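None of these values were measured; they are calculated from a predicted model.
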Amino acid sequence: MSQQRYPSPDLNSLPQDIQDRLMKLQEKSGFVPNVFLTLARRPAEWRAFFDLHDALMTKEDGSLTKGEREMIITATSAANQCLYCVVAHGAILRIHQKKPLIADQVAVNYLKAEITPRERAMLDFAMKVCQNSHAINDADFEALYPHGFDDEDIWDIASITGFFGMSNRIASFTNMLPNPEFYMMGRVPREKKA
């Protein structure tokens with residue numbers, strides 16, 4: 001595999017707030033995802049990126065589940081051919097949905113994936129935002145309402161799609177590679193600690 005175009009900065013050279021967040025992440029997951037390190041080369045952009053990420057992905061209101069949010073990222077990242085985001089968010093999707101095959105199905109062809117009608121409607125809309133957003137019309141909104149989505153949920157679907165469209169492009173042009181740890185996450189049951 002080819003190398004990343006922009007080397008990650010040394011952790012000790014980063015501002016303290018970024019170091020602190022990276023250390024918390026490493027304690028929780030056992031590793032630091034490459035996206036956190038790669039983007040840290042520009043601390044102001046790192047903070048803005050992860051502030052928006054957190055606003056979209058960890059909000060408490062709205063009807064989107066964490067799994068549905070990750071499903072949007074996985075499907076649209078596949079459409080954008082972003083290896084990093086498909087692998088990383090596919091791993092998180094598998095964990096949230098507790099389905100070891102779901103990420104592969106959604107990434108390859110969500111139309112044939114074992115998903116609910118609600119998830120299918122959500123991904124239909126997300127893919128249109130991803131690939132043909134100028135053609136969004138009232139009928140696209142109307143198709144979501146019967147599945148329990150309101151206008152704020154629809155905003156979330158579109159915002160997650162748009163934000164990760166940017167992320168996909170950064171990951172691709174930097175040649176950011178997924179951490180090896182992501183590949184097996186959620187595929188096999190975790191061993192319980194004694």
Residues forming a salt bridge (charged side-chain N to carboxylate O under 4.0 Å, His left out) with [X], sequence neighbours excluded:
| X | result |
| --- | --- |
| R47 | D17 |
| D138 | none |
| K128 | D140 |
| K66 | none |

Checklist entry - Would the number of heavy atoms belonging to other residues, nucleotides or ligands and lying under 6.0 Å from CD of Q16 be above 12? => result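 Yes, because the 6.0 Å sphere around CD of Q16 holds more than 12 heavy atoms from other groups.
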
Checklist entry - Under the ring pair (Phe, Tyr, Trp, His ring centres under 6.0 Å) rule, what pairs show up with a residue in residues 104-126, not counting sequence neighbours? => result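 Qualifying pairs, neighbours excluded: F125-F141.
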
Next on the checklist: For residues 6-37, which residue pairs pass the ring pair (Phe, Tyr, Trp, His ring centres under 6.0 Å) check, not counting sequence neighbours?
Outcome noted: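 Only Y6-F173, F31-F182, F36-F50 qualify under ring pair (Phe, Tyr, Trp, His ring centres under 6.0 Å).
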
Minimal non-hydrogen separation, [X] against [Y], with atom names:
| X | Y | answer |
| --- | --- | --- |
| A107 | A78 | O-CB, 3.2 Å |
| A75 | M127 | O-SD, 3.8 Å |
| Q4 | L177 | OE1-N, 4.1 Å |
| G67 | L93 | O-CD1, 3.4 Å |
| L14 | A40 | CD2-O, 3.5 Å |

Measuring from atom [atom1] of [X] to atom [atom2] of [Y], what distance do you get when rounded to the nearest 0.5 angstrom?
| X | Y | atom1 | atom2 | value |
| --- | --- | --- | --- | --- |
| I72 | C130 | CD1 | SG | 11.5 Å |
| R69 | F164 | CZ | CZ | 10.5 Å |
| Q131 | N80 | CD | CG | 7.5 Å |
| R187 | R94 | CZ | CZ | 3.5 Å |
| S167 | I73 | OG | CD1 | 8.5 Å |
| N137 | E142 | CG | CD | 10.0 Å |

Same cluster for [X] and [Y] if Ile/Leu/Val/Met/Phe/Trp/Tyr side chains link at under 4.5 Å?
| X | Y | answer |
| --- | --- | --- |
| W46 | L11 | yes |
| I160 | I92 | no |
| M71 | V108 | no |
| V86 | F163 | no |
| M185 | L25 | yes |

Item to check | side-chain contact (heavy atoms from CB on, under 4.5 Å) between M57 and E70, worked out | outcome: CA-CA 9 Å; M57 300 302 291; E70 296 297 337; 3.4 Å; yes

Review item, side-chain donor-acceptor pairs of residues 146-154, under 3.5 Å, at least two apart:
from : atom 1 : to   : atom 2 : distance (Å)
D150 : OD1    : E152 : N      : 3.0
D150 : OD1    : D153 : N      : 2.8
D151 : OD1    : Y145 : OH     : 2.5
D153 : OD1    : S63  : N      : 2.8
D153 : OD2    : S63  : OG     : 2.9
D153 : OD2    : D150 : N      : 3.0

Item to check | Those residues that, when tested against D156, pass side-chain hydrogen bond (donor to acceptor under 3.5 Å, both in side chains) (two or more places apart) | outcome: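 Once residues adjacent in sequence are excluded, the partners of D156 under the side-chain hydrogen bond (donor to acceptor under 3.5 Å, both in side chains) criterion are K59.
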
Item to check | Which residues share a side-chain hydrogen bond (donor to acceptor under 3.5 Å, both in side chains) with D61, sequence neighbours left out | outcome: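 D61: no side-chain hydrogen bond (donor to acceptor under 3.5 Å, both in side chains) contacts found.
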
Item to check | Listed once per pair and sorted, the salt bridge (charged side-chain N to carboxylate O under 4.0 Å, His left out) pairs that draw on residues 105-122, sequence neighbours left out | outcome: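 Residue pairs with at least one partner in residues 105-122: E68-R118, R120-D124.
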
Item to check | Pairs where residues 164-186 contributes a residue and the test salt bridge (charged side-chain N to carboxylate O under 4.0 Å, His left out) is met, not counting sequence neighbours | outcome: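 Qualifying pairs: none.
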
Checklist entry - Is N179 reaching over with its side chain to a backbone N or O of N34, donor-acceptor style, under 3.5 angstrom? => result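 Between the backbone of N34 and the side chain of N179 there is a qualifying donor-acceptor contact (under 3.5 Å).
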
Checklist entry - Taking the side chain from Q26 and the backbone from V32, do they hold a donor-acceptor pair closer than 3.5 Å? => result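 Judged by distance alone, no pair lies under 3.5 Å.
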
Next on the checklist: According to ring pair (Phe, Tyr, Trp, His ring centres under 6.0 Å), who are the partners of Y84, at least two apart in sequence or on a separate chain?
Outcome noted: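 Expected list: none.
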
Checklist entry - V129 versus I157: any side-chain heavy-atom pair under 4.5 Å? => result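 Counting from C-beta outward, V129 and I157 never come under 4.5 Å.
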
Item to check | Close side-chain approach of M122 and I115, heavy atoms under 4.5 Å | outcome: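 Answer no - side chains too far apart.
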
Next on the checklist: Ignoring hydrogens and geometry beyond distance, is a side-chain donor-acceptor pair present between D51 and H53 at under 3.5 Å?
Outcome noted: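 Distance-only check fails for D51 and H53.
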
